[in-house]
Amino acid sequence: MWRAEIKVLLKKSVLDPQGRAVENALTSLGYTNVNRVRIGKYLEVTIATPDRAAAEAQVREMCTRLLTNPVIEDYTFTLVEVEA
Amino acid sequence: MWRAEIKVLLKKSVLDPQGRAVENALTSLGYTNVNRVRIGKYLEVTIATPDRAAAEAQVREMCTRLLTNPVIEDYTFTLVEVEA
Amino acid sequence: MKPEDWRRIGLRDNEYEMILNILGREPNQVELGMFGVMWSEHCSYKHSKAVLKTFPTTGPRVLQGPGENAGIVAIGDGLAVCFKIESHNHPSAIEPYQGAATGVGGIIRDIFTMGARPIAILDSLRFGTLDDPRVRYLFSGVVGGIAGYGNCIGIPTVGGEVYFDPCYQGNPLVCVMCVGLLETEKIRLGKATGAGNLVILAGARTGRDGMHGASFASEELSEASAEKRPAVQVGDPFMEKLLLEACLELIDGGDLVGIQDLGAAGLTCAVAEMASRGGTGMEIELAKVPCREEGMTPYEIMIAESQERMLMVVTPEKEAKVHAVFQRWGLTSTTIGRVTDDGLLRIKMHGQVVAEVPARSLAEDSPVYYPASSKPAYLERTAELNLAEIPQPADFNTVLLQLLATPNLASKEGVWQQYDYMVRTSTVVRPGSDAAVLRIRGTQKALALTADCNARYVYLDPYVGGQIAVAEAARNVVCSGGEPLAITDCLCFGNPEKPEIYWQFRQAVEGISAACRSLETPVTGGNVSFYNETKGEAIYPTPVIGMVGLLSDVTKACTLSFKAEDDLIVLLGESFEELGGSEYLAVIHGRVQGKPPALDLAKEKALHRVVLAAIGQGLVRSAHDLAEGGLAVAVAECLFEHGIGARLTLSTNGLRPDSLLFGESQSRVVLSLPAESLPALRELAVREGVPLTEIGRAGGDRFQIYVDGVPRVDLPVTELKAAWQEAIQC
Amino acid sequence: MKFGVIVFPGSNCDLDAYHLVRDVLGAPVEYIWHAEQSVAGFDCLILPGGFSYGDYLRCGAIARFSPVMPAVVDFARHGGLVLGICNGFQILTEAGLLPGALYANTSLQFRCRFTTLRVENTDTPFTRGLAPGQLLSIPIAHGEGNYYVDPATLQEMEARGQIVFRYADREGRITPEANPNGSVGNIAGICNETRNVLGMMPHPERAGEALLGSTDGLLLFKSILDYWKEGSR
Ligand SMILES: Nc1ncnc2c1ncn2[C@@H]1O[C@H](COP(=O)(O)OP(=O)(O)O)[C@@H](O)[C@H]1O
Ligand SMILES: [Mg+2]
């Protein structure tokens, strides 16, 4: 069993309104040393398969088919082996 | 300079409708070997401070004050040293 | 310049020749890019201009016809209504949520650019069939995007339509209409006048997103367009809300000479149109344009289509104040140039000229094409419908239940409950009736709004179909108690370079024009979307009509629901043996065939006079037009809100029972009224020569239809309602 | 008495609350721009619905740091009447003036429709004019009205009568079907311990005129006026 930890962010070239709003908020709260705030999605999915390679392939497939929209989003993920 | 990578999830005690919806969607797409789907937020914030400890402290503070709502959310984060 | 340079950005060889003649020299990359986006179909209307000129566009109430960002008609009390419809089909096909959201953002900017306060949104949507998971994804994404943007910015989405047909499988249609209110003397135009006046850019920073959106929208969707994906962008409704408030405050204070939103073709289009309309030129310093990304080139800055940006022309005295207002609203605004009197757009980067072209040449001198047109072959096939081949249904109960449950007729509540249709607390008739009605604060008046098109009719006969689209919109407005004022149109068609498509286009426009003339509803603006094809297959010709009507007394607003037991049910208009193009024929017998029902515009107009008088004199308690599904479906729809049943006793008078119950003959309305009102109503009908038939009574909890004494339909209202309500999950 | 409607960037029901108080209730009312630092001279503050700061990150999360908020918190702590509607409710929970939190409807969709509310506590300035168990027809319009609070706190709140409105069916029963967003215990509105701060997801300002389908929302505002007239604070 694997837990896929998937991070999804808008492509760098795409406007990230949330990120901008939060960056402004942080600055006005006095955190003037922050920048490049980006806000996206975080997903955890547990996959029952013995084999890491199979798990990786499946995550990629699920990301392109359902979990993300490649048109505007990029994703990265890591696999953590977990107990059933 | 540090890039804080912050993962925010609903507390285990709080029902996660989005996670459930996505789990159903995945299953109906034929991914019958997935479960425990949880969906939250992923935030990246770049912090200009030489010192890791200071960066850590600041992330905690920003998370409790603004970035997360402790009533319903838990968060974890990692710091990555980056070039200015 | 090599041919591939201009072809790559969609310019044809002859168009490049024109550019050479205009400039008297070779354009540089930046200039070529500017011509490329401005002369794209989307911005230049090069294939439709000539035909659009034939629309009737004038009338006693029209203050602003086509040509500006939106049309405006006067409604008395020194007030006017500003409205426009626009499509965002191609972006929505690729990123449904953001594609639809930015479509909403764009049309809202068109309205407040004119100085109007946006008060309502309508959405007209078309998708493939819901058995396809991709279609369900597009459907929920588009609806989510409209909700996400409209709800956030706080403009109620009060009406629209949703249709499903295989012809839209790969090419959904997403048309959004916005309606605004303004004081007549506050009208602002997108004009740059007064040499020496300053040019200010406000709102979002410019990014690389939306590159070539304009030329992208002018191509058939192909596998290739997947590569152009960056053309889709993310909307920022919060930014637009601030922009809206700031701009209206400035317009209110009379601080602007001219104002123009940045849409397709971005900065290029805004500066070209403003200067061209004002007969002036502009000098712009691109280094001053706030950019979201490092190292953007002049080319990129000029054609980027980043959302939520506005361009303004102000006198030097006002400059400081204008910047101050934007700052209070938390927005960036920058003076990026000045108006000149030489008619040239002089674009500089760090003081160095990177482009210099006549403003007019971009905005006005684009090529005009008169494509060949020829009657489509398919019409031969579809025209012949032999009713003898169509068996009468054995069981009318099942047919009625089936029809109510077909996605095209079923309740769209699953859609509009996701929209905030109440914000601004002026929505008097909510989604779910015919036209929506919004009161106008500070007056006794109200507006009736609707968006309509039966594309199957247009497919089977573009001329008649075009007429019917206008007539049905007007009928919806009238049934809500409104006097039809004017229309805006969103003409969605296939590839105009195909003669059969262009024939559809010309016929539909002629039909719309004819209807607008007799119903006295001029065209005040609109939008053309060509190249709606996938793998060479065109959609049905789909000219969506957005109509605005006026009620002089908001308390007279009428809905379609039966409201009292024992009320009489009356049918106005005449029923013919017309099953051609009907939903019944398509759903029950699997045929898209025949001629659409005939339309007599004089009879239509007479019907409107009767219904408006009846509502105005308070004779009736409900009014509903007959559309898809015919008489049986229309009456069923009147039962659902209050769960009041009905008993109809009809006679065929030589018609087939199925034609009588499900045929879609035009110019018909069903009314409910207390018995004592009947004589007065009959008098109105007789005076206008409109056939009036008493067809039954409201009451009980069942829907029963007797045809020539034979019980044909007998079902509990609850069962009918369930079938109708649960059909569409969104 | 004078009402103040606080305008955050992105508020969009400010105008509706303003019109209801001025044109229907007939009481003095003014807008208060979020950048103000004082709310002196006002007797009841309304935090209106909308999408303050786009509701980016979390509903109300950024607005609660607006310059005006310290004054609002101070006003509330000294017993001033504060009514948070929809986004206003979300801001009040984020600001800690009300317990719990609001998050995504279980449908994951925005919902706009009339709901039936059952009045659970009439011993507040906002509901004193109502009858216990009275049913009100008031619309909702939100995507994140799913109220959550941990079980322990919920018990205390119940005990202290802090639950003011619940979603009910037409017969007044508290059923899952009547719950439009999944909120715990069908909760639609709550008040603080001292009962001078009310937060509710439904929009009473949208139910103030027969023309718009219901006048039940007006009853809340009338209660506030009566409470004030009697000077019982
Ligand atoms: N996409 C939509 N958005 C908002 N309201 C809609 C939408 N689709 C349908 N409606 C509403 O549902 C009702 C019925 O729609 P429709 O069947 O198209 O009416 P009609 O046939 O009278 O034009 C109308 O009030 C319409 O405004
Ligand atoms: Mg209708």
Side-chain angles (χ1 to χ4, degrees), chain A residues 2-48 58-78 80 82, chain D residues 6-12 14 32-38 47-74 84 86-88 90-97 101-110 142-144 146 148:
Chain A
W2 303 88
R3 184 176 66 243
E5 306 186 343
I6 308 166
K7 305 168 180 176
V8 185
L9 282 176
L10 287 166
K11 286 190 193 304
K12 278 239 165 56
S13 64
V14 173
L15 171 72
D16 175 4
Q18 293 208 70
R20 229 200 44 255
V22 170
E23 184 165 323
N24 295 342
L26 286 171
T27 318
S28 57
L29 280 177
Y31 302 107
T32 49
N33 63 339
V34 303
N35 59 14
R36 295 199 224 122
V37 177
R38 302 173 66 194
I39 299 192
K41 273 183 301 193
Y42 173 66
L43 299 84
E44 279 185 6
V45 183
T46 308
I47 307 176
Q58 183 174 339
V59 172
R60 289 224 172 67
E61 196 183 281
M62 293 191 304
C63 282
T64 29
R65 281 184 70 190
L66 179 76
L67 301 179
T68 75
N69 183 354
V71 176
I72 49 172
E73 294 171 326
D74 291 327
Y75 67 92
T76 59
F77 67 96
T78 55
V80 184
V82 292
Chain D
I6 299 181
V7 182
F8 299 95
S11 296
N12 60 36
D14 44 349
I32 303 173
W33 183 236
H34 72 108
E36 297 295 327
Q37 304 205 347
S38 153
L47 280 67
F51 287 69
S52 56
Y53 295 91
D55 274 357
Y56 296 148
L57 187 63
R58 285 186 319 281
C59 304
I62 300 178
R64 73 153 267 209
F65 289 107
S66 290
V68 74
M69 283 308 288
V72 173
V73 172
D74 188 62
C86 199
N87 194 230
Q90 293 159 336
I91 295 170
L92 291 175
T93 57
E94 285 281 342
L97 282 174
L102 293 140
Y103 75 115
N105 298 353
T106 41
S107 66
L108 299 175
Q109 287 181 349
F110 191 95
H142 61 250
E144 309 204 355
N146 185 349
Y148 172 85

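Chain letters run A, B, ... following the sequence lines, proteins first and then strands; every chain starts at 1.
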Problem - Region of D/L57 in contact with chain A, defined by heavy-atom distances below 4.5 Å - result: both
Practice task
Can you check whether anything in residues 25-34 of chain A gets within less than 4.5 Å of chain D, heavy-atom wise, and list it by number?
Solution key: A/A25, A/L29
Problem - Non-neighbouring partners of A/R3 that pass side-chain contact (heavy atoms from CB on, under 4.5 Å), sequence neighbours left out - result: A/E5, A/E44, A/T46, A/V80, A/V82
